[in-house]
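Residue numbers start from 1 in every chain, and the chains themselves are labelled A, B, ... in the order their sequence lines are given, proteins ahead of strands. Quick note: numbers below take in every heavy atom, side chains included, and nothing from hydrogens, waters or symmetry partners.
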Protein chains: 4
Amino acid sequence: MVAPSGQGRRLLCSNIYLTVRFVSLKKGNMKPKKQQTRRRSKQAHEAIIAATLELIEEKGYLGLSIEGIAARAGVGKQTIYRWWPSKAALTIEAYSQKVTSTLQSPDTGSLQLDLEELLGTIFTRIRIAPTSKVMTGLIAEAQTAPDVGEQFYTGFIKKRRELLFALIQKGINRGEVPPDTDMEIAADTLFGPMWYRLLLGHAPLDQKFAKKLVEQLMVGLATRGEETL
Amino acid sequence: MVAPSGQGRRLLCSNIYLTVRFVSLKKGNMKPKKQQTRRRSKQAHEAIIAATLELIEEKGYLGLSIEGIAARAGVGKQTIYRWWPSKAALTIEAYSQKVTSTLQSPDTGSLQLDLEELLGTIFTRIRIAPTSKVMTGLIAEAQTAPDVGEQFYTGFIKKRRELLFALIQKGINRGEVPPDTDMEIAADTLFGPMWYRLLLGHAPLDQKFAKKLVEQLMVGLATRGEETL
Amino acid sequence: MVAPSGQGRRLLCSNIYLTVRFVSLKKGNMKPKKQQTRRRSKQAHEAIIAATLELIEEKGYLGLSIEGIAARAGVGKQTIYRWWPSKAALTIEAYSQKVTSTLQSPDTGSLQLDLEELLGTIFTRIRIAPTSKVMTGLIAEAQTAPDVGEQFYTGFIKKRRELLFALIQKGINRGEVPPDTDMEIAADTLFGPMWYRLLLGHAPLDQKFAKKLVEQLMVGLATRGEETL
Amino acid sequence: MVAPSGQGRRLLCSNIYLTVRFVSLKKGNMKPKKQQTRRRSKQAHEAIIAATLELIEEKGYLGLSIEGIAARAGVGKQTIYRWWPSKAALTIEAYSQKVTSTLQSPDTGSLQLDLEELLGTIFTRIRIAPTSKVMTGLIAEAQTAPDVGEQFYTGFIKKRRELLFALIQKGINRGEVPPDTDMEIAADTLFGPMWYRLLLGHAPLDQKFAKKLVEQLMVGLATRGEETL
DNA sequence: TGATAAACGAGACGGTACGTCCCGTCTTGGA
DNA sequence: TCCAAGACGGGACGTACCGTCTCGTTTATCA
């Protein structure tokens with residue numbers, strides 16, 4: 001019978017509790033070992049994330065303020081500043097939790113269909129009301145604060161690109177596209193127009209557009225091999 | 001002894017200043033005649049535009065403030081608010097004057113080469129230091145203020161797209177691409193990846209990239225015609 | 001014939017307007033003359049002073065905060081910071097308006113009685129609830145901020161001392177005390193014990209104490225003359 | 001069956017800690033019987049007092065903060081709050097240790113000379129840089145927190161007054177002043193002006209001033225007796 | 001002499017207020 | 001009528017401390 005968690009093992013012997021803690025015996029044991037102190041409060045953390053999402057929904061990313069989040073979460077401002085350097089970083093965490101996690105890799109057996117499905121899903125998700133504004137707000141801030149850019153890239157962009165790379169790799173394995181396909185450019189070709197339309201709003205992010213982009217890419221990739229001859 | 005400044009003549013007569021203003025004597029003189037009043041000051045206008053450009057250069061678009069512009073230009077804040085609805089509008093005017101005006105249409109005789117030259121030139125210009133940040137700042141604000149979006153589109157985006165359309169049209173006329181080519185999608189395919197790289201900075205906006213994009217587009221367009229058969 | 005200020009006189013002489021402005025001729029006349037701009041708002045000023053007095057009454061000097069005053073007065077914080085460097089300065093203005101203005105010089109014909117009356121009145125006023133705490137609060141801040149000290153001295157202390165000096169001078173004129181009386185020390189001898197009791201609260205500020213202090217001072221002054229012999 | 005947290009026995013078995021906790025079985029089992037445990041740390045106490053004195057020297061009483069003291073002393077904030085109710089109490093302890101202890105009673109054989117020496121010594125000590133500010137800071141806080149007032153009075157004021165009383169008593173015994181001399185008022189007359197000048201800084205706390213005050217007091221006391229006749 | 005509970009260092013927490021920066025509007029007097 | 005100057009009510013910034021509250025880790029009694 002083993003008790004879980006933190007403190008060691010707890011064994012119930014009739015009416016006596018034994019808390020057994022194994023102390024490591026290694027030589028390097030005696031090092032100064034920075035003292036353990038009070039840990040980050042999970043409650044506060046969650047309340048802050050929740051308040052952030054709520055307020056973005058209500059007022060948009062631009063209307064977001066640390067002060068407002070603190071008030072809504074019932075938290076001191078310092079508690080926010082302690083853990084996040086900026087409202088951008090906070091937003092990224094709040095959103096990456098919410099948005100990207102559930103994105104799945106399609107598997108139709110055909111690269112073209114896979115790509116269409118992936119792009120279609122992403123289009124559908126990203127054009128939902130507050131999301132698009134959050135994205136553009138973050139992008140704008142990323143221009144000024146380089147760390148925001150990095151976090152945004154790793155939090156949102158990278159995952160999508162890697163999903164894409166995996167699909168293309170499968171296509172290469174199946175012989176649908178040449179093995180020396182430049183995946184980076186492929187990604188830019190598919191996602192670039194998406195952001196472009198999202199940001200400028202001059203044309204819709206619909207399934208038709210997704211299909212067109214994929215089609216054009218596929219032709220480009222296929223032909224590229226021949227041209228090299 | 002003549003007092004300097006302003007309008008009319010100032011004469012010092014012992015201890016009395018007389019400001020004498022000669023009123024034009026022409027025929028229509030005395031009638032009610034809606035009074036002509038002071039017009040927009042060209043000086044102020046120019047000082048404001050200049051200060052805006054300077055401050056963007058110094059502090060970036062995000063660090064820009066109406067208050068700062070007014071102070072730098074030696075102008076009252078009201079004078080700015082009188083003529084521009086927002087710092088975005090002001091920035092757009094300041095930049096469109098500076099950036100787009102000089103963009104020229106290439107004419108090599110070949111659509112592919114034309115496109116490569118056009119895209120290359122645009123890449124070169126847009127990646128210069130403050131410009132890219134201005135663009136992304138404006139894009140971000142455009143998400144919140146719809147009028148900014150419109151002005152940005154007509155001020156910066158539209159011209160480039162129209163230049164592109166003209167080139168493609170020439171290509172169609174020459175028979176290089178099918179006559180039913182979807183130019184909108186072509187534009188999104190070329191400019192989208194540019195903005196994408198510009199905003200995220202994950203890869204450079206170089207000539208090689210321009211060439212690749214054009215190549216892919218050309219293949220796509222060419223093949224599309226065949227497919228329809 | 002005096003012209004009303006501002007615009008000067010305008011005379012229509014057939015078709016010529018003459019704007020005649022009378023200018024004073026004193027030597028320093030030609031200086032650049034800083035442009036007139038929007039003046040301090042009397043309303044805001046008064047609201048701030050009133051709010052300060054209210055809040056001191058409610059929460060004491062220590063409980064006073066710029067933020068609170070601004071909120072109560074319905075005024076931006078900046079408006080306060082624009083005109084007063086600290087809550088001490090603000091308090092001094094608010095109180096000096098309220099407290100010192102009405103203090104009158106007694107005139108009984110006898111220095112001893114005059115002094116008793118003056119000191120008695122001051123005692124009565126200063127021991128009223130919030131006043132004493134305001135005074136001590138200001139004194140404490142004066143130790144850190146030298147300008148507060150100066151303002152406090154000129155706003156509160158000086159006037160009382162000067163009243164005292166005037167009374168003593170009349171006593172000298174009447175021959176009640178020697179003409180070379182050291183008034184500074186006399187003032188310290190009367191007011192010092194007052195502040196001491198006020199601040200420490202170990203004994204009351206009553207009429208009996210006032211009488212004692214005056215009595216002792218009078219004897220000291222009288223005898224001093226003789227001793228010198 | 002849940003074990004109550006917190007108590008139990010800890011046994012070190014080679015490299016294993018066993019915390020064995022007996023769960024009470026009988027009703028009136030382990031009577032309350034407060035166990036003696038770890039006492040106040042002398043080290044921490046001293047470090048805190050030292051840090052307090054240092055920081056007062058550096059930043060003045062107003063610039064003092066519990067947080068700062070804790071950091072400087074290398075001590076947790078709680079350790080300070082455990083032993084002192086406020087920074088005032090802490091300061092009083094720190095200073096009373098440093099200041100008052102060494103004050104000695106003069107004994108010249110003459111009351112007047114004794115008083116001059118006592119007052120002169122006190123003047124010299126109290127006008128040293130941070131001390132005066134500490135005193136006024138404490139006085140100010142005393143107005144708000146009554147316990148601070150008491151502590152301040154017993155810690156600083158009382159001792160000096162008692163020294164004075166003892167000297168006067170000796171003077172009475174020697175017949176230098178009448179036996180019904182009001183010592184309280186005498187103390188207020190000597191120390192009041194001192195605090196007054198200290199707090200307002202309008203005149204120096206020098207030996208001349210001490211001499212004057214004593215002189216005046218002596219005359220006042222002497223004459224008072226006669227007047228009563 | 002060994003366990004144990006209070007004291008300890010560290011510092012996170014919900015708060016209050018600070019003094020600053022700008023916002024967009026309003027007011028003044030000069031041109 | 002426009003302009004510069006800048007005061008105004010307001011909102012948010014990021015910082016400094018407040019006094020309370022966990023965390024494990026000592027360490028001084030007393031069983």
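- Checked by distance alone, D:Lys77 brings no side-chain donor or acceptor within 3.5 Å of a matching partner on the base of E:dG11.
- Atom OH of C:Tyr81 is separated from atom P of F:dG9 by 15 Å (rounded to the nearest Å).
- One finds a side-chain N or O of C:Thr79 lying less than 4.0 angstrom from the OP1 or OP2 phosphate oxygen of F:dG9.
- Here F:dA16 presents its P atom at 17 Å from CD of C:Glu67, a figure rounded to the nearest Å.
- The nearest whole Å value for the distance from the CD1 atom in A:Ile48 to the P atom in E:dG15 is 12 Å.
- Distance B:Gln78 CD to F:dT1 P: 15 Å, rounded to the nearest Å.
- In this model, the phosphate group of F:dC8 is approached by a side-chain N or O of C:Arg82 to a distance below 4.0 Å at OP1 or OP2.
- Residue contacts shown for B:Gly68 are absent, as no nucleic acid heavy atom lies under 4.0 Å away.
- Shown are A:Val148, A:Leu64, A:Thr52, A:Leu138; of these, the side chain to side chain contact (heavy atoms under 4.5 Å, CB included) with A:Lys87 is made only by A:Leu64.
- Between C:Glu58 and C:Arg72 there is a salt bridge, since at least one side-chain N of the basic residue sits less than 4.0 Å from a carboxylate O of the acidic one.
- Taking 4.5 Å as the limit, some side-chain heavy atom of C:Thr79 sits within range of a side-chain heavy atom of C:Arg82.
- Remark: A:Arg40 qualifies as a cation-pi partner of A:Trp84 under the 6.0 Å distance and 45° angle criteria applied to the six-membered ring.
- C:Arg40 comes within contact range of the sugar-phosphate backbone alone, with a heavy-atom separation under 4.0 Å but no base atom that close.
- B:Ile80 has its CD1 atom 12 Å from the P atom of F:dA5, to the nearest Å.
- Rounded to an integer number of Å, the gap from B:Ile66 CD1 to E:dC26 P is 17 Å.
- In this structure, A:Trp83 reaches the E:dC13 phosphate: one of its side-chain N or O atoms is under 4.0 Å from OP1 or OP2.
- Here the C1' atom of nucleotide F:dA16 and the CG atom of D:Leu62 are 14 Å apart, to the nearest Å.
- Formation of a donor-acceptor pair under 3.5 Å by the D:Lys77 side chain with backbone atoms of D:Ile66 is not found in this model.
- A straight line from CD of C:Glu46 to P of F:dG9 spans 13 Å, rounded to a whole angstrom.
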